[in-house]
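Here's the structure we're looking at; comments come further down.
Because the structure is a prediction, the values reported are computed rather than measured. Both backbone and side-chain heavy atoms feed into the values below; hydrogens, waters and symmetry mates do not. Residue numbers start from 1 in every chain, and the chains themselves are labelled A, B, ... in the order their sequence lines are given, proteins ahead of strands.
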Amino acid sequence: MNHWLMKSEPGEFSIDALEAMPERTEHWDGVRNYQARNMMRDQMQLGDRVFFYHSNTEVPGIVGIAEIARTGYPDFLAWEPTDKHYAPKSTPDKPIWYMVDIRFVRRLQRTISLSELKEHADALGDFPLLRRGNRLSVMPVSAAQWDYILGLE
DNA sequence: GCCAACGTTGGC
DNA sequence: GCCAACGTTGGC
């Protein structure tokens, strides 16, 4: 089992919005970055756990846990001309962009903020979220990092 | 294949 | 709202 962290702006899609979905499940559409796509398409497995991270908000940080409910499949919104994430080079025959479905597991008892994570940078070791200028919206979390962060809760 | 210009991300 | 950092695009 692998672990992941996925970022979302709560104004776009929040942990509350995920919990409110039917089956508490929603597709993670709109990723238009090749590194993030490759992880979703090739590496995520059913049941993998995901830290749900709120970005671009008052207190950015990890707010909850989700799990992979469906492995990588084409992001059909890429070929919807009216969609915000329309990407005309991607077609049903030759999809470029992929997504997964995630299911709500639970909220954290408190937000583990980015600033708090930074205080533990030494213990966490190499963590993409803490790398300077990092902009990946989907990133791997090692088992040790996962356990350590949950220990902060 | 280089690289400047541009758009986006996301913390602050 | 600002702006640094980064990925992508497109001219050459």
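With C:dC6, B:dG10, C:dT8 as the choices, the nucleotide that has an atom nearest any side-chain atom of A:Tyr34 turns out to be C:dT8. Nearest to the side chain of A:Leu114, among B:dG10, B:dC12, C:dG7, sits B:dC12.
Here the C1' atom of nucleotide C:dC6 and the CG atom of A:Asn33 are 10 Å apart, to the nearest Å. Summarising the geometry, the separation between CZ on A:Arg32 and P on B:dT8 is reported as 13 Å, rounded to the nearest angstrom. Atom CD1 of A:Ile96 is separated from atom P of C:dT8 by 12 Å (rounded to the nearest Å). Atoms CZ (A:Arg135) and P (B:dC12) sit 16 Å apart, rounded to a whole Å. At whole-Å resolution of the value, CD in A:Glu58 and P in B:dG10 are 18 Å apart.
Non-hydrogen atoms lying under 4.0 Å from DNA chain B are contributed by A:Lys118, all within residues 116-131 of chain A.
At least one donor-acceptor pair under 3.5 Å links the side chain of A:Asp75 to the backbone N or O of A:Gly30. Side-chain atoms of A:Arg32 come within 3.5 Å of backbone atoms of A:His85 as a donor-acceptor pair (strictly under, hydrogens ignored).
Taking Ile, Leu, Val, Met, Phe, Trp and Tyr as members and joining any whose side-chain heavy atoms lie under 4.5 Å apart, directly or through other members, A:Met1 forms no hydrophobic cluster with any other residue.
Two residues are said to be in side-chain contact when any heavy atoms from C-beta on lie closer than 4.5 Å; A:Pro140 and A:Asn2 fail this criterion.
For residues 50-65 of chain A, the side-chain hydrogen bond (donor to acceptor under 3.5 Å, both in side chains) pairs, not counting sequence neighbours, are A:Glu9-A:Asn56.
For B:dG10, the OP1/OP2 oxygens have a side-chain nitrogen or oxygen of A:Lys7 closer than 4.0 Å. The shortest distance between the side-chain N/O atoms of A:Tyr53 and the OP1/OP2 oxygens of B:dG11 is below 4.0 Å.
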Checking side-chain contact (heavy atoms from CB on, under 4.5 Å) for the pair A:Asn134/A:Lys7: CA distance, chi angles, key distance, verdict?
CA-CA 12 Å; A:Asn134 167 67; A:Lys7 286 183 195 169; 3.4 Å; yes
